[in-house]
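Hydrogens, waters and symmetry mates play no part in the numbers below; they use all other heavy atoms, side chains included. We number each residue from 1, following the sequence as shown. Since the structure is predicted, the reported quantities are computational estimates derived from the model, not experimental observations.
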Amino acid sequence: MNHPLYQPIQKNILILISVLMVVSCGKQQPQSRMDKKVDSLMRLMTIEEKIGQLNLPSAGYFKTGEAASSDIGKKIEQGKVGGLFNIKGVANVREMQRIAVEKSRLKIPLLFGMDVIHGYETIFPIPLGLSCSWDMDLIRQTARMAATEASADGINWAYSPMVDIARDARWGRIAEGSGEDPYLGARIAEAMVRGYQGNDLSANNTVMACVKHYALYGAAEAGRDYNTTDMSHVRMYNEYFPPFQAAVNAGVGSVMTSFNEIDGVPATANKWLLSDVLRQQWSFGGLLVSDYTSVSEMVPHGIGDLPTVSARALDAGLDMDMVSEGFLTTLSNSLKEGKITEQQINEACKRVLQAKYKLGLLDDPYRYCQEERAKTEIFTDANRAFSRKVAAQSFVLLKNQNHLLPLKKQGTIALIGPLADAAENMTGTWSVAAHFSKSITVRKGLETATAGKAKIIYAKGSNLYEDAHLEEIATPFGKTLHRDKRSAAELRDEALRMARQADVVVAALGESAEMTGESSSRSDIGIPDTQKELLKALLQTGKPVVLLLFNGRPMTLKWEDENVPAILDVWFGGSETGDAIADVLFGEINPSGKLTTTFPQNVGQVPMYYAQKNTGRPLGDAKWFQKFKSNYLDVSNDPVYPFGYGLSYTDFSYGEVKLSKPEMTASDSITVSIEVTNLGQKEGTEVVQLYLHDVIGSITRPVKELKGFKKVILKAGETQTVHFTLKNKDLFFYKSDLSLGSEPGVFEIFVGGNSRDVKKAEFKLL
Ligand code: BGC
């Protein structure tokens, strides 16, 4: 290509740069190839072109926010765009890249981003479901496959992983993350970054990951999306930051700021958060991008007009402005007025160009635009088969009275419910690249699995909501509203007729795909009334009922737990949901998923999570209300299902916790061992979990904290000894002065198959 950017750097320029470096930098290391390339490019750029690199408009193929960007082609030509997102299709990407590299003055290629959250076209379970697999390699592989598909279609930047700790089930975006626990969240963050980025970011099948939303977004007050957050710094460091820091340590290429405020300053302009913590304490050297219009949203937040908030964001350390165009339209003037410095613009521009370099775009702008790959590597049979396997690992068996499950492939099975034949809902929230209608429904999955053996009869039974308006708002993003015009009574009667003819009823109920996700907070987190009425009526037929629960959040299932004999939580399993459900329902696969969020009894208990503090007035072993203790008048402190919980078609028993020694020093380690036995007739997989309690600290410590887990496969009757090693660093926490370390004293260890039912031991740190 006849352009300085794509030519080897000329010898004389190299010499000049070396001389300049020796003169200006004294003993500094020689520049890397990347720095040389980026520097030489930046020397050619005007201030306007540098500011142009900081602009990230949406191409508008999917609408994920209020504002949209206009005149994109023209702006690319004028050098006013650094990257583009919300664009799909390799030909479309290539065309935009062509404008950038053929028509703009400096021919700098664009970044192409997308919300590749849980798969690209082959969709995996929603992240909350995926986390219930507790299988880090499986999770890494899903990100790897998503990266392969996305990069085959022109995308080089995925806005994932979303690692916000979420403990409030009302918050719709709890579906997009890995639940309530910082330790598990950190392990999943690392696995996903490794999956997306592989070992070489410049390979054409890897993409740059973007960990989000930095930070505390999941702690929105009252679970209302975008709402204020306010918390102590020790809590941030101990409970909300660990997954972000883990992603940074795993080499994540970019970080996205969050919408919410922290200490009264929105994250996007919070210098302490972006510069002090992220850049300095964690040494993050990658690209820092805003969320969708989170720069301009600082105007309604109330900290200034667009020029002010844009200048504050740049000053805080933000590099790229998504959609707002606050950087594009105001930074040049702010520079003239002395509100920001040229150095700050240079730093931000450098980081955008470095990201392009690392992705290999400065060597070959069309690296990710290979039409042949797009035809052969996306939504392949092999990928779909893998997705089916992953989906089954995400399901959590919540109840299985008298071993109702697995079902036999015989007789008549009545499949009832608004989610039973609902292809568009199977992929769940944030699956923008998916072809919704290609997903395998429960009906299809069950019919295929039982062909020639059992009879599947189907009725919708109810709409998702009785209120058409609510159903409509729970169906955005190009999904069709398949509302049945019949009355609730007519729908139910038809379903009951089916149920009465059947040997067993499978009721596919719960939330629609868009009842969780962005801007989908709920104040009632139960199964919508019309569906619950249907469920009650089905139970009254006296037929055995299996509840297949679709959900993107922990729901209130007290009544269901008391009344329905079998409950399988299937979240939103992705493209192959129906087949995966059949695999588990008929026992080809023994369920092994474990919850990564606590399921409360009622919405009044939230935020609810296992790693609580004891308080000065703990309820202790008392089950019910006691005056002047920390409890409620009208509900116990127990969840319906605790963190870590999930059943299997077999049963496991745990021996006693054995420690290699009763005491350890800071330079030492201790081995924790426990025997786990499969008591049943079937092979099964158990997630053995280890929790710790630091009994006395200089600050109060949670009653339990997850510190390790192992997924073991046990044959019928088999016993295995599971070992964990604890080192001093596993006892670390951030203290009042935010220093990290352990404190001598007694530690309780708990091991079990969930956070409630555990065996205990203790040791001393000397
Ligand atoms: C969301 C982000 C997403 C971005 C781009 C925002 O509304 O908060 O998670 O990456 O849109 O689509």
Side-chain angles (χ1 to χ4, degrees), residues 128 132 165-171 174 179-181 218-219 221-223 235 239 396-401 510 521-529 532 535-536 539 547 549 551 553-569 593-647 654 689 691-693 695 700-706 748 750-760:
L128 186 61
C132 294
I165 296 299
R167 294 167 168 186
D168 190 327
R170 293 170 295 185
W171 191 52
I174 198 168
E180 69 183 47
D181 188 67
E221 283 178 2
R235 176 167 255 187
E239 299 169 32
V396 184
L397 184 62
L398 297 176
K399 190 176 172 193
N400 195 20
Q401 197 175 302
S521 295
R522 297 178 69 203
S523 67
D524 173 350
I525 52 171
I527 295 177
D529 288 347
K532 200 155 165 176
L535 181 59
K536 284 181 184 163
L539 287 163
L547 170 58
L549 182 72
N551 53 336
R553 55 161 54 83
M555 298 184 84
T556 44
L557 301 173
K558 190 168 164 33
W559 182 88
E560 289 78 354
D561 183 61
E562 283 163 2
N563 293 283
V564 185
I567 308 176
L568 182 68
D569 192 331
K594 299 273 190 174
L595 297 178
T596 57
T597 47
T598 304
F599 276 45
Q601 296 186 58
N602 66 30
V603 77
Q605 289 180 305
V606 302
M608 198 179 197
Y609 49 95
Y610 80 93
Q612 304 161 14
K613 300 294 186 71
N614 211 30
T615 80
R617 295 190 176 197
L619 188 58
D621 290 334
K623 270 283 151 214
W624 196 245
F625 177 78
Q626 281 192 11
K627 199 70 184 165
F628 307 121
K629 296 285 185 188
S630 180
N631 53 196
Y632 300 96
L633 286 176
D634 52 358
V635 64
S636 76
N637 286 354
D638 300 323
V640 175
Y641 305 118
F643 176 87
Y645 172 87
L647 304 173
Y654 284 74
Q689 303 155 39
Y691 299 86
L692 199 81
H693 177 210
V695 179
T700 59
R701 309 289 300 120
V703 291
K704 272 181 197 140
E705 285 179 288
L706 183 72
E748 292 173 336
F750 309 94
V751 184
N754 65 63
S755 62
R756 181 188 58 201
D757 306 313
V758 287
K759 293 289 179 75
K760 186 176 153 187

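The structure places CD of E221 at 10.5 Å from CG of D168, a figure rounded to the nearest 0.5 Å. Rounded to the nearest 0.5 Å, atoms CD (E239) and CG (D181) are 9.5 Å apart. Annotation: the span from F625 atom CZ to L633 atom CG amounts to 4.5 Å, rounded to 0.5 Å. Rounded to the nearest 0.5 angstrom, Y609 OH and R167 CZ are separated by 5.5 Å.
The shortest side-chain heavy-atom distance between M555 and I527 falls under the 4.5 Å cut-off. Between L549 and L557 the shortest side-chain heavy-atom distance falls below 4.5 Å. The closest side-chain heavy-atom distance from I525 to N551 is not below 4.5 Å. Under the 4.5 Å side-chain criterion, counting only non-hydrogen atoms from C-beta, P600 is not in contact with V635. Contact check for T596 versus L128: side-chain heavy atoms found under the 4.5 Å cut-off.
Across all non-hydrogen atoms, the minimal contact from R553 to F599 is O-CZ, 4.3 Å. The shortest non-hydrogen separation linking P565 to K399 is O-CG, 3.6 Å. Here the shortest heavy-atom pairing between E560 and L535 reads CG-CD2, 4.0 Å. Looking at every heavy atom in both residues, P618 comes nearest to G616 through CD-C, 3.3 Å. Across all their heavy atoms, V703 and K613 have their closest contact at CG1-C, 4.2 Å. Contact record, K594 with V396: N-CG2, 4.0 Å, taken as the closest heavy-atom pair.
Looking at Q605, its side chain never comes within 3.5 Å of a backbone N or O of P639 through a donor-acceptor pair. Between the S521 side chain and the G223 main chain, a donor and an acceptor come within less than 3.5 Å of each other. One N or O on the side chain of N637 and one on the backbone of S630 form a donor-acceptor pair closer than 3.5 Å. Between the side chain of D569 and the backbone N or O of L398, no donor-acceptor pair lies under 3.5 Å.
Listed by chain and number, the residues in a side-chain contact (heavy atoms from CB on, under 4.5 Å) with A222 are R170 (sequence neighbours excluded). By the side-chain contact (heavy atoms from CB on, under 4.5 Å) test, K558 pairs with E562, Q601, V640, sequence neighbours left out. In this structure, Y645 has no side chain to side chain donor-acceptor pair (under 3.5 Å) partners at least two apart in sequence or on a different chain. With sequence neighbours excluded, no residue forms a side chain to side chain donor-acceptor pair (under 3.5 Å) with N400. D529 meets the side-chain contact (heavy atoms from CB on, under 4.5 Å) test with no other residue; sequence neighbours excluded.
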Show me the donor-acceptor pairs, under 3.5 Å and distance only, between side chains in residues 751-758 and residues at least two apart or in other chains.
unit_1	atom_1	unit_2	atom_2	d
N754	OD1	R756	N	2.6
N754	OD1	D757	N	2.8
N754	ND2	D757	OD2	2.9
S755	OG	F643	O	2.7

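Residue H693 forms a side chain to side chain donor-acceptor pair (under 3.5 Å) with just one option from K704, E748, R701, and that option is E748.
Ring geometry for Y691 versus Y610: interplanar angle over 60°, hence perpendicular rather than tilted (30 to 60°).
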Checklist entry - Between N602 and Y632, does a side-chain contact (heavy atoms from CB on, under 4.5 Å) hold up when you go through it step by step? => result CA-CA 12 Å; N602 66 30; Y632 300 96; over 6 Å; no
